[in-house]
Amino acid sequence: MVELVGAGGIGKPRTSHIEAVDPLTVTDMMEQLQQGYMASVAATAGCTMELISKDKWGVDAQLIRPPQTALEQETMVFAQLKCTTQTVPDPTKDFFSYQFSKRQYFDHMVKVRSYPKAILIVMTAPPKQAEWTQVTHDGLWTRRCCYWAYLEGVEADSKVKKPTVRIPTKNIMDANALAAILDKLDRGESLNG
C-alpha cells in the first residue's frame, strides 16, 4: 500500500545539488540513465520497453510481455519514470518519500484505469553524475536502483500542488518484480499487496 504524505511547497531547483558533467543536460541524462536501467530489466524479464514519445497521459513507457502463443494476448503495464538524486532510500525502513514536481503527474498515476494499469517507477541516483555507473570485468553496475509503486485510488487534497507519496523500499524494480507485476495483471489481481 502506498500512502500519501504532506504537502509540497516551493523549494530550490531540483538539480542545484548535482555535481553534473554538463549542467545543461543533466536532467536529460537522468532520464536516459533510468531508461537504460528499465530497458535492461525488461530484457532480463523477457519483455520489451516501448518509450512513449508524447507524454499526454502521464506515462513514459509501456512494459510488454509477449504472449506464449500467437492466439494469446500480451500483458502490458504503463510506467511513469522519475529519477531523483535527492533521496537515498534506507532498506531498513518500510518506505521513502517521493515528491512529484507537478500535480498532473500524481493525478495520472492515481486515476482508475481499466487496462492497462499504470505504475510509478522512481530511480534514485547519486548526486555526483560521474558515479552513476561503474564498470568492472564482471559487468556494468548502475549505482542505486529503481523502486515501483501502484498509486491507483490514492487521494490528495486538491490544494496540494506537488503531492508526496511513500514508496515501499521492498518494491525494488528488477526482472522478478516486473514478472510478478505482469503475472498479477494476467490473473486480474490487484497490484496492492
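Residue numbers count from 1 along this sequence.
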For Tyr98 and Thr87, run side chain to side chain contact (heavy atoms under 4.5 Å, CB included): C-alpha distance rounded to whole Å, both residues' side-chain angles, the deciding distance at 0.1 Å, then the answer. CA-CA 8 Å; Tyr98 175 77; Thr87 188; over 6 Å; no
Shared hydrophobic cluster for Leu33 and Val135 (ILVMFWY, side-chain gaps under 4.5 Å):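 Unlinked, Leu33 and Val135 end up in two clusters.
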Side-chain donor or acceptor of [X] paired with backbone N/O of [Y] under 3.5 Å:
{"X": "Ser190", "Y": "Asn192", "answer": "yes"}
{"X": "Arg113", "Y": "His108", "answer": "yes"}
{"X": "Trp132", "Y": "Pro126", "answer": "yes"}
{"X": "Tyr115", "Y": "Met76", "answer": "yes"}
{"X": "Gln34", "Y": "Ile121", "answer": "yes"}
{"X": "Gln99", "Y": "Lys162", "answer": "yes"}

Using the salt bridge (charged side-chain N to carboxylate O under 4.0 Å, His left out) rule, collect all pairs that involve residues 81-100, keeping only residues at least two apart or in two chains.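 Residue pairs with at least one partner in residues 81-100: there are none.
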Strictly by salt bridge (charged side-chain N to carboxylate O under 4.0 Å, His left out), give each pair with a member in residues 59-78 just once, sequence neighbours left out.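 For residues 59-78: Arg65-Asp183, Arg65-Asp186.
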For the atom pair [atom1] ([X]) and [atom2] ([Y]), what is the distance rounded to the nearest 0.5 Å?
{"X": "Arg187", "Y": "Thr75", "atom1": "CZ", "atom2": "OG1", "result": "10.5 Å"}
{"X": "Gln86", "Y": "Thr124", "atom1": "CD", "atom2": "OG1", "result": "12.0 Å"}
{"X": "Thr169", "Y": "Tyr147", "atom1": "OG1", "atom2": "OH", "result": "7.0 Å"}
{"X": "Lys128", "Y": "Glu19", "atom1": "NZ", "atom2": "CD", "result": "4.5 Å"}
{"X": "Thr84", "Y": "Ile18", "atom1": "OG1", "atom2": "CD1", "result": "8.0 Å"}
{"X": "Arg143", "Y": "Met123", "atom1": "CZ", "atom2": "CE", "result": "11.0 Å"}

Between Arg144 and Val88, does the side chain to side chain contact (heavy atoms under 4.5 Å, CB included) criterion hold? Intermediate values first, please. CA-CA 8 Å; Arg144 308 230 187 108; Val88 180; 3.4 Å; yes
Would you call [X] and [Y] a side-chain contact if the rule is heavy atoms closer than 4.5 Å?
{"X": "Phe106", "Y": "Val160", "result": "no"}
{"X": "Ile52", "Y": "Gln62", "result": "yes"}
{"X": "Cys145", "Y": "Tyr37", "result": "yes"}
{"X": "Met49", "Y": "Gln35", "result": "yes"}
{"X": "Cys47", "Y": "Leu63", "result": "no"}

Among Met109, Gln80, Met173, which residue satisfies the side chain to side chain contact (heavy atoms under 4.5 Å, CB included) criterion with Ile119?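 When Met109, Gln80, Met173 are each tested with Ile119, the side chain to side chain contact (heavy atoms under 4.5 Å, CB included) holds only for Met173.
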If you compare all heavy atoms of [X] against all heavy atoms of [Y], which two are closest, and at what distance to 0.1 Å?
{"X": "Ala156", "Y": "Arg103", "value": "O-NH2, 3.3 Å"}
{"X": "Leu191", "Y": "Trp148", "value": "O-CH2, 3.9 Å"}
{"X": "Leu178", "Y": "Ala45", "value": "CD2-CB, 4.1 Å"}
{"X": "Val165", "Y": "Phe100", "value": "CG2-CE1, 3.9 Å"}
{"X": "Leu81", "Y": "Ala61", "value": "CD1-CB, 4.4 Å"}

For atom NZ of Lys111, decide whether the heavy atoms of other residues, nucleotides or ligands shown that lie under 6.0 angstrom number more than 12.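 Counting other residues, nucleotides and ligands, NZ of Lys111 exceeds 12 neighbours.
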Taking atom CD as the centre, does Gln32 end up with more than 12 heavy-atom neighbours from other residues, nucleotides or ligands that are less than 6.0 angstrom away?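 It does not: Gln32 CD has 12 such atoms or fewer within range.
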Does Leu182 form a side chain to side chain contact (heavy atoms under 4.5 Å, CB included) with Val77? I'd like the steps, not just the answer. CA-CA 7 Å; Leu182 296 172; Val77 66; 4.1 Å; yes
